[in-house]
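In this chain, residues are counted from 1 in sequence order. Every number for a ligand or one of its atoms is a count from 1 in the order of the listing.
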Amino acid sequence: MHIATILAHAGLQTDPQTGAISTPIYQTATFAHPAIGESTGFDYSRSSNPTRKALEDAIAQLEGAHAGFAFASGLAALSTVLSLFSSGDHLVVAEGCYGGTYRLLDQIFARFGITVTYVPVLDVAAYRAAITPKTQAILIESVSNPCLWVPDYAALLALKIEHNLLLLVDNTFLTPYWFRPLEQGADIVLHSASKFIAGHNDTIAGLVAVKDVALAERVGYLQNAIGATLGAQDAWLTIRGMKTLALRLNAQQQNSQRIAEFLQTRTEVRQVFYPGLAHDENHQRIQQFSSGFGAIVSFEVDSLATVKRVISRLKLISYAESLGGVESLITVPAIQTHANLSAEVRAQLGVSDTLLRLAVGIEDVTDLIADLAQALETDGVGQ
Ligand SMILES: *Cc1c(COP(=O)(O)O)cnc(C)c1O
């Protein structure tokens, strides 16, 4: 079956009794048992809930996993997956990961004796050099944030096999519509479903998909033991959003390409980062595994004055964190998403003070371009 079909049918037939087309919201904490020793398959909603299960089954099918798991946020999903590791274990993590991922590793899991070496996204030799006998896993994001660098999957998969490590992929930026890491040999996929998957800037949710049966059992155990699970209402919203993922991503990608091409023509713009551009250094590499280029366009402008002018003058595009929703949003990574990093690390990641990150929505692209054009224009106003 094609992925757009799987998406549209997410959660279908979860209620054979009534035939409800939309997954019912099972807003219940607990479930009655028919008799001693008998179960409906559900007993308590932290452990399992039918609405959440519909979402978990959908992400498992989409990612080609043995099992899926839904959490209260992307970071709840990551916290649970990181709880697979123990004091003394070591992880190799690609630089340029989500800021909350750094915080979780450096401020929380470090206190439990889990150590991390950060390596440049593209530097395969650095990953290799970082591996020690204590290393358990490599954690990468499918595309780095905010400059959209694409890791060398083939090389990292070879490294993972050679050293018997787990490969964990945060696939938030590409989603299973474009990229399915488990099919390539990764072990665990994570998502902030708050972004593209739920897709409407209205829900916080996290998803995990696990390929191996035994590993899935361990993650399922941790999901229940830690208890950071997704509520039924938000599970329903996530399913509801997910159904249109294919349509939304097609539109968002088309808009992104047009906007990236437009930005390149502007004298106020120094550099545009979008893997869909033919000259982008990631253009070839991303096509080796992903059927899409994403819907985030980052660009460097000529001065701090331009940053201020663009942010204050944009009308349609909101100045807000997050990405992946139907509404376009813009951020200044150096003072928002990447503010906690040192100036040195920011420089390594290409996060200059004049970099802007645009999360492209589904609006008509001519309106988006007109909004950007009037905001970039140096006519003396607002300077
Ligand atoms: C937003 C985000 C997260 C965190 O997800 P939340 O749902 O906000 O907890 C993790 N990874 C990436 C790549 C993200 O963009």
Side-chain angles (χ1 to χ4, degrees), residues 52 55 59 63 68-83 91 93-109 116 118 121 138-151 168-179 181 186 188-209 223 226 228-231 233-235 237-238 241-242 245 249 252 273 275 286 290 294-298 320-325 327 329-331 333 336-341 349 351 357-361:
R52 196 179 87 214
L55 173 61
I59 193 64
E63 292 283 8
F69 304 93
F71 298 90
S73 68
L75 285 180
L78 181 63
S79 304
T80 304
V81 167
L82 291 176
S83 301
L91 309 175
V93 179
E95 287 172 352
C97 56
Y98 180 70
T101 302
Y102 277 105
R103 184 174 54 210
L104 198 53
L105 288 165
D106 295 346
Q107 307 300 326
I108 315 294
F109 282 88
V116 175
Y118 295 99
V121 180
I138 300 174
L139 169 64
I140 56 175
E141 296 190 0
S142 45
V143 177
S144 83
N145 179 17
C147 288
L148 311 166
W149 291 329
V150 176
L168 318 180
V169 181
D170 180 334
N171 195 24
T172 301
F173 273 42
L174 289 179
T175 86
Y177 181 60
W178 283 322
F179 176 36
I188 298 182
V189 168
L190 299 119
H191 287 282
S192 170
S194 325
K195 315 293 168 56
F196 291 101
I197 289 182
H200 293 71
N201 290 323
D202 59 8
T203 314
I204 299 294
L207 294 171
V208 169
Q223 181 193 37
I226 294 171
T229 54
L230 189 64
Q233 307 264 352
D234 285 345
L237 274 169
T238 306
M242 180 187 251
L245 183 67
L249 290 190
Q252 284 169 277
F273 301 91
I286 195 170
S290 173
I296 309 291
V297 178
S298 292
E321 271 125 354
S322 202
L323 56 103
E327 302 93 352
L329 306 176
I330 196 162
T331 56
Q336 291 174 285
T337 49
H338 293 66
N340 293 337
L341 300 179
L349 296 175
V351 182
R357 187 191 75 188
L358 185 60
V360 180

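A distance of 12.0 Å separates CG in Leu55 from CZ in Phe69, rounded to the nearest 0.5 Å.
Here the side chain of Glu141 pairs no donor or acceptor atom with the backbone of Thr172 at under 3.5 angstrom. Between the side chain of Ser192 and the backbone N or O of Gly74 there is no donor-acceptor pair closer than 3.5 Å.
At least one N/O-N/O distance between Leu75 and ligand 1 falls below 3.5 Å. Residue Gly74 has at least one nitrogen or oxygen atom sitting less than 3.5 Å from a nitrogen or oxygen atom of ligand 1, judged on distance alone. Ligand 1 has an N or O atom lying under 3.5 Å from an N or O atom of Lys195, backbone or side chain.
Interface atoms of ligand 1 facing Glu141, defined by a heavy-atom separation under 4.0 Å, are 13 (C). Ligand 1 places these atoms under 4.0 Å from at least one heavy atom of Ala205: 7 (O).
Residue Cys97 places no heavy atom under 4.0 Å from ligand 1.
Remark: minimum distance from atom 7 (O) of ligand 1 to any protein heavy atom is reached at Ser194 OG, 2.6 Å. The nearest heavy-atom contact from the protein to atom 4 (C) of ligand 1 is Tyr98 CE2, 3.3 Å. The protein heavy-atom contact nearest to atom 11 (N) of ligand 1 is Asp170 OD2, 2.7 Å.
In this structure, a donor-acceptor pair under 3.5 Å is present between the side chains of Asn171 and Ser142.
Between Phe179 and Phe173, the distance from one ring center to the other does not fall under 6.0 angstrom.
The only option from Asp170, Ile59, Thr238 that meets the side chain to side chain contact (heavy atoms under 4.5 Å, CB included) definition with His191 turns out to be Ile59.
Applying the 6.0 Å contact sphere to CG of Asp202 captures more than 12 heavy atoms from other residues, nucleotides or ligands.
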